[in-house]
Amino acid sequence: MKKMSPRARVLTGGVAAAALSAGTFGAMSATAAPAAAPAAPARTADASGHHLRTTSHLTVDAATRAAQAALKAAEKDGRHVTVAVVDRNGTPLVTLRGDGAGPQSYESAIRKGFTAVSWNAPTSELVKRLQSAPNLKDIPGTLFLGGGAPVAADGAPVAGIGVAGAPSGDLDEKYAQAGVASLGH
């Protein structure tokens, strides 16, 4: 066996002492803690009754039918548009970009749908409100141009249909309304 130099013995001894200290400290700290009390059973809250709200949502199938009806109405008139159907929170459910629709129409259709569902009103009506409340246009995600129509169930908004790309907001809104009509509203 090879003899260790005094320096190697000191280093080896230091490492061994550190390891022993760590083990002893760990053992002491593990045994020094008082015994834990048994865990109490988890409590659950009763969120029934007046604590809950039931909401209605448009299905993806219904949103697709509405988007296709709006796109078909625009194509019948020879218009190149994008149609977006958004849920109550403004999240797109279905977006159809028609052949030849401009690149700006995609985002505009989503924002028109969001604006319509947010106020449960056609965006052409909301444009008129800007005269008395011009700061409305500063709300993120909104677009106060004709072309958005709300979809309601029992008077409450459940979706919005936005159309963008026709030469006027009136035409965009006409196509959005065709989408609403396809749902039986």
Side-chain angles (χ1 to χ4, degrees), residues 45 47-185:
S48 62
H50 66 278
H51 298 292
L52 297 177
R53 178 172 299 184
T54 302
T55 60
S56 297
H57 300 273
L58 199 60
T59 66
V60 171
D61 288 341
T64 301
R65 273 195 330 270
Q68 288 171 335
L71 188 60
K72 188 171 284 191
E75 288 172 345
K76 183 179 174 190
D77 286 351
R79 304 297 177 192
H80 307 285
V81 300
T82 296
V83 179
V85 181
V86 301
D87 69 10
R88 175 64 183 101
N89 299 315
T91 304
L93 293 169
V94 175
T95 306
L96 298 177
R97 185 171 176 264
D99 295 335
Q104 77 287 357
S105 64
Y106 183 85
E107 183 178 342
S108 297
I110 293 170
R111 291 175 59 192
K112 287 179 183 184
F114 172 69
T115 304
V117 73
S118 294
W119 278 275
N120 197 23
T123 53
S124 61
E125 289 180 23
L126 297 171
V127 169
K128 298 171 190 169
R129 294 185 193 177
L130 288 178
Q131 294 170 353
S132 60
N135 291 347
L136 284 178
K137 70 180 180 332
D138 297 332
I139 296 173
T142 59
L143 185 59
F144 290 86
L145 296 173
V151 177
D154 298 323
V158 295
I161 300 175
V163 177
S168 72
D170 292 341
L171 285 173
D172 285 339
E173 199 158 309
K174 171 185 165 185
Y175 308 138
Q177 292 293 352
V180 174
S182 75
L183 298 171
H185 287 83

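None of the values given here were measured: they were computed from a predicted structure. Positions are given from 1 along the sequence.
- Thr123 contributes a side-chain N or O that, together with a main-chain N or O of Gly147, makes up a donor-acceptor pair within less than 3.5 Å.
- Here the side chain of Glu173 pairs a donor or acceptor atom with the backbone of Ser124 at under 3.5 angstrom.
- Minimum heavy-atom separation, Pro122 to Pro150: N-CD, 3.6 Å.
- Between the Thr115 side chain and the Leu143 main chain, a donor and an acceptor come within less than 3.5 Å of each other.
- Atom CG of Asp138 has more than 12 heavy atoms from other residues, nucleotides or ligands within 6.0 Å.
- By the 6.0 Å contact criterion, CD on Glu75 is enclosed, its count of non-hydrogen atoms from other residues, nucleotides or ligands being greater than 12.
- Shown here are the salt bridge (Lys or Arg N to Asp or Glu O under 4.0 Å) partners of Glu125, two or more places apart in sequence or in another chain: there are none.
- Between Val86 and Ile110, the closest heavy-atom pair is CG1-O, 4.0 Å.
- For the pair Val83 and Tyr175, the minimum side-chain heavy-atom distance is 4.5 Å or more.
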CA sep, side-chain torsions, deciding dist, call: Thr142, Leu136, side-chain contact (heavy atoms from CB on, under 4.5 Å): CA-CA 8 Å; Thr142 59; Leu136 284 178; over 6 Å; no
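- Rounded to the nearest 0.5 Å, atoms CZ (Arg88) and OG (Ser118) are 6.5 Å apart.
- Legend: ring pair (Phe, Tyr, Trp, His ring centres under 6.0 Å) pairs involving residues 134-166, not counting sequence neighbours, sorted by first then second residue: Trp119-Phe144.
- Put simply, the side chain of Lys112 reaches to within 4.5 Å of the side chain of Asp172, judged on heavy atoms.
- Contact record, Asn120 with Pro157: OD1-CB, 3.7 Å, taken as the closest heavy-atom pair.
- Nearest heavy atoms, Ala166 versus Val81: N-CG1, 3.6 Å.
- Taking 4.5 Å as the limit, some side-chain heavy atom of Pro167 sits within range of a side-chain heavy atom of Arg79.
- Contacts classified as ring pair (Phe, Tyr, Trp, His ring centres under 6.0 Å) and involving residues 76-104 (residues at least two apart or in different chains) are not found.
- A heavy-atom distance below 4.5 Å is not found between the side chains of Val151 and Val117.
- Among residues at least two apart or in separate chains, there is no ring pair (Phe, Tyr, Trp, His ring centres under 6.0 Å) pair with a member in residues 151-170.
- Taking both residues in full, the closest heavy atoms of Ala164 and Ala109 are given as CB-N, 3.7 Å, listed atom of the first, atom of the second, then distance.
- Scored by the side-chain contact (heavy atoms from CB on, under 4.5 Å) test, Gln68 finds Thr64, Leu96 as partners (sequence neighbours excluded).
- Of all the heavy atoms in Thr82 and Ala101, the pair that sits closest is OG1-CB, 3.6 Å.
- Residues Val85 and Leu58 form a side-chain contact, since some pair of their non-hydrogen atoms from C-beta on lies under 4.5 Å apart.
- By the salt bridge (Lys or Arg N to Asp or Glu O under 4.0 Å) test, Asp170 is found to be paired with no residue, residues two or more places apart in sequence or in another chain being considered.
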